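No experiment lies behind these values; they were computed from the predicted model shown.
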Amino acid sequence: MVSSSGAPSMVEVITRLVGEYTSKTPQKLKLIDAYLGYIMFTGIFQFVYCCLVGTFPFNSFLSGFISTVASFILGVCLRIQTNPANVAVFKDISVERAFADFIFAHCVLHLVVLNFIG
């Protein structure tokens, strides 16, 4: 369905986006995208909970929310480094190295978060 201005409708755009994502995105990137979706949902849930219930142990809320934001950022970095379209940019970094960096950064992040909780 094309609108009167000649532009495709929103339904067509979304259908094409989902179709191309399903057919052209490698399985590894889909797994990383699922992880990113889970982390985003967790951060949104923590923020809504904070708005509705309160922030009594503020350090706990802050460290949990910072953990979700940082985990999301680390996941996006992993997705960028492992995307086959970015091989030319990250030619010196293998997929295994990117995953090892991701795991190491997560270990450091969670040590900092646990230290911040008190």
Are side-chain heavy atoms of L31 and Y35 found at a separation under 4.5 Å? no
Check the hydrophobic clustering (I, L, V, M, F, W, Y; side-chain heavy atoms under 4.5 Å; chains of links allowed) and say if L62 and F56 are grouped together. no
Distance-minimising heavy-atom pair for C50 and F61: CB-CE1, 3.4 Å
Could you check whether any side-chain heavy atom of S94 comes within less than 4.5 Å of a side-chain heavy atom of F99, counting everything from C-beta outward? no
When you compare the side chain of T68 with that of Q46, does any pair of heavy atoms fall below 4.5 Å? yes
Please check: side-chain N/O of K24 versus main-chain N/O of G19, any donor-acceptor pairing under 3.5 Å? no
M10 with V18, same ILVMFWY side-chain cluster at under 4.5 Å: yes
Between the CG atom in D101 and the CD1 atom in I93, the distance rounded to the nearest 0.5 Å is 7.0 Å
Does N86 use its side chain to pair, donor to acceptor, with the backbone of I80 at less than 3.5 Å? yes
If we only count heavy atoms from C-beta on, is the Q81 to V95 side-chain gap below 4.5 Å? no
Out of the candidates V76, L78, T25, N83, only one should pair with I32 under the side chain to side chain contact (heavy atoms under 4.5 Å, CB included) rule; please name it. L78
I'd like to check R79 versus D33 (side-chain heavy atoms, cut-off strictly below 4.5 Å). Are they in contact? yes
Can R16 and E12 be counted as an ion pair, charged N to O under 4.0 angstrom? no
With a 4.5 Å cut-off on side-chain heavy-atom distances among I, L, V, M, F, W and Y, is there a chain of contacts connecting Y49 to I39? yes
Once you round to the nearest 0.5 Å, how far does CZ of R97 lie from CG of D92? 9.0 Å
According to a hydrophobic-cluster definition based on side-chain heavy atoms being under 4.5 Å apart (Ile, Leu, Val, Met, Phe, Trp, Tyr only), do L36 and I44 belong together? yes
Is there a path from I103 to L29 through hydrophobic residues (I, L, V, M, F, W, Y) whose side chains come within less than 4.5 Å of each other? yes
What are the two closest non-hydrogen atoms of S71 and L109, and how far apart are they? OG-CD2, 3.7 Å
Atom pair CZ/OH of F72 and Y38 - distance to nearest 0.5 Å: 14.5 Å
Side-chain contact, heavy-atom cut-off 4.5 Å: S67 with S63? no
Is the count of non-hydrogen atoms from other residues, nucleotides or ligands lying under 6.0 Å from Y21 atom OH greater than 12? yes
Could you please spell out the steps behind the side chain to side chain contact (heavy atoms under 4.5 Å, CB included) verdict for I73 and V69? CA-CA 6 Å; I73 291 169; V69 170; 4.0 Å; yes
According to the interplanar angle, ranging from 0 to 90°, do the rings of H106 and H110 count as parallel (below 30°), tilted (30 to 60°) or perpendicular (above 60°)? perpendicular
